Number of protein chains: 2
Amino acid sequence: MNKEEQIIIGFRDIYNKLVWLNKFKMEDSLKGYTSSEVHCIEYISSNVDSNVTKLAESFYMTRGAISKLTKKMVEKGIIESYQKPDNKKEIYFRLTEQGNAINKIHEDLHDEFQARDKAVFEDITEAQFDSMLSFMEKYRRHLDTEIKKQGVNITNRNDLE
Amino acid sequence: MNKEEQIIIGFRDIYNKLVWLNKFKMEDSLKGYTSSEVHCIEYISSNVDSNVTKLAESFYMTRGAISKLTKKMVEKGIIESYQKPDNKKEIYFRLTEQGNAINKIHEDLHDEFQARDKAVFEDITEAQFDSMLSFMEKYRRHLDTEIKKQGVNITNRNDLE
DNA sequence: ATGATATTGTTTCCTTGTCAACAATAAAAA
DNA sequence: TTTTTATTGTTGACAAGGAAACAATATCAT
């Protein structure tokens with residue numbers, strides 16, 4: 001197995017394990033709320049004027065899925081929607097009291113996760129850290145470019161149909 | 001944002017982008033087969049005596065989901081099941097001709113993906129590469145330990161109920 | 001200003017996966 | 001051996017998310 005594969009498999013495996021483990025803990029601490037809802041809350045709390053489209057892009061999900069999710073969350077009283085006077089189309093979300101409370105719990109949990117995994121990061125040197133980050137940044141930019149290309153191809157194809 | 005967060009977010013973002021992009025390409029090249037099916041084929045091709053349980057563990061999915069997936073794949077003629085003379089319970093899978101053909105296409109696609117992302121890896125030094133891999137290995141082992149702990153807790157909790 | 005195009009959010013239908021209960025078999029304990 | 005426990009795979013009810021069609025609004029080109 002070569003470099004590329006090893007690194008990609010490493011990414012995938014670590015990410016999967018992390019998601020599995022944290023999801024488990026989270027749904028235990030935040031009973032009654034799904035991990036999707038909690039992610040949504042997290043995003044809304046740190047991005048002003050969040051809307052369906054931005055949430056969907058950030059989570060790699062469809063607008064339809066987010067639309068349903070946020071609708072449920074409004075009904076549950078976790079978030080509320082608002083609009084701007086000069087735009088009758090876009091609908092934004094902000095957290096309610098309840099949403100903020102959940103967010104607080106989630107933040108604490110987050111710290112707990114960091115504490116749990118602290119040892120893994122302890123003896124990374126600054127140099128190692130920087131080299132990893134710059135690699136990831138490069139990778140990410142590359143993928144963005146490829147995704148953009150793909151987007152163009154999709155559009156082109158639709159144009160021909 | 002601290003080291004841990006940056007790295008984790010990097011993992012997540014790269015992984016998501018990669019999945020999104022490759023899935024897209026794959027379902028374009030392998031029309032009629034879902035990416036789950038292709039992953040299954042990949043696993044079965046490189047693990048002798050694959051069964052529902054092993055597939056489920058490897059994909060972080062439930063046995064139920066894999067059971068349905070493999071059932072469909074058998075019906076489609078992509079894989080076939082077999083048993084061993086001394087075990088009437090376990091059911092194993094292997095690829096059919098058709099499954100092998102799909103696997104071949106997938107492997108080629110895989111090479112294509114590697115070629116696409118080659119540039120990103122080009123100027124990583126051996127040292128950088130080794131340090132990343134050893135970090136990931138450490139992280140992975142840590143998560144395995146934590147997952148195992150979690151498992152114990154689950155069991156304990158059930159015992160009390 | 002007006003007509004064409006793009007964006008935003010919603011809904012319906014469908015697929016995929018989870019959960020929980022289950023039967024069949026295997027493994028372990030008595 | 002017999003009994004108990006664990007493992008394996010399956011199913012049905014359900015929930016989450018994707019795809020596509022849609023209406024409403026905004027943006028752009030002319």
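Naming convention: chains lettered A, B, ... in sequence-line order (proteins, then strands); numbering from 1 in each chain. Please read all numbers here as calculations on a predicted model, not as lab measurements.
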Name the nucleic acid region contacted by A/Ser67, choosing base, sugar-phosphate or nothing; use a 4.0 angstrom heavy-atom cut-off, strictly under. base
Can you name the nearest heavy-atom pair linking B/Ile44 to B/Ser50, along with the distance? CA-OG, 3.5 Å
For A/Ser35 against A/Glu27, the heavy-atom pair lying closest together: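 Between these two residues, the closest heavy atoms are N-OE2, 3.3 Å.
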How would you give the extent of chain A contacts on DNA chain D, as first and last nucleotide 5' to 3' within a 4.0 Å heavy-atom cut-off? D/dA16 to D/dA26
Nearest-Å distance, CG (A/Asn87) to C1' (C/dA6)? 14 Å
With DNA chain D as reference, determine whether B/Lys71 or B/Lys89 sits nearer its 5' end, using the nearest nucleotide of each. B/Lys89
Starting from A/Met26, can I reach A/Tyr43 by hopping between I/L/V/M/F/W/Y residues whose side chains sit under 4.5 Å apart?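 Yes: a chain of side-chain contacts under 4.5 Å links A/Tyr43 to A/Met26.
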Side-chain heavy atoms under 4.5 angstrom apart, residues restricted to Ile, Leu, Val, Met, Phe, Trp, Tyr: same cluster for B/Leu133 and A/Tyr139?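 In one cluster with B/Leu133: A/Tyr139, yes.
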Going by side-chain heavy atoms closer than 4.5 Å, which hydrophobic residues are tied to B/Val19, directly or by a chain of links?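 Cluster partners of B/Val19: A/Tyr15, A/Val19, B/Tyr15.
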According to side chain to side chain contact (heavy atoms under 4.5 Å, CB included), who are the partners of B/Thr125, at least two apart in sequence or on a separate chain?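 Residues passing side chain to side chain contact (heavy atoms under 4.5 Å, CB included) with B/Thr125: B/Ala127, B/Gln128.
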For every nucleotide of nucleotides 15-22 of chain C, 5' to 3': is a protein heavy atom under 4.0 Å from its base (B), only from its sugar-phosphate (S), or from neither (-)? -SSB----
How about A/Lys72: does its NZ atom have over 12 heavy atoms from other parts shown lying under 6.0 Å from it?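 Atom NZ in A/Lys72 is not crowded, with 12 or fewer foreign heavy atoms closer than 6.0 Å.
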Under 3.5 Å, sequence neighbours excluded: what are the donor-acceptor pairs made by side chains of residues 73-80 of chain B?
from: B/Lys76; atom 1: NZ; to: B/Gly32; atom 2: O; distance (Å): 2.9
from: B/Lys76; atom 1: NZ; to: B/Glu37; atom 2: OE1; distance (Å): 3.1
from: B/Lys76; atom 1: NZ; to: B/Glu37; atom 2: OE2; distance (Å): 3.1
from: B/Glu80; atom 1: OE2; to: B/Arg94; atom 2: NE; distance (Å): 3.0

What I want to check is whether the side chains of B/Asn22 and B/Arg116 have a donor and an acceptor closer together than 3.5 Å.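 Distance-only check passes for B/Asn22 and B/Arg116.
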Under 6.0 Å from the ring centre and within 45 degrees of the ring axis: does the NZ or CZ of B/Lys84 meet both conditions for the six-membered ring of B/Tyr92? yes
Among residues 37-52 of chain B, which residues get a heavy atom nearer than 4.0 Å to DNA chain C?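 Under 4.0 Å from DNA chain C: no residue of residues 37-52 of chain B.
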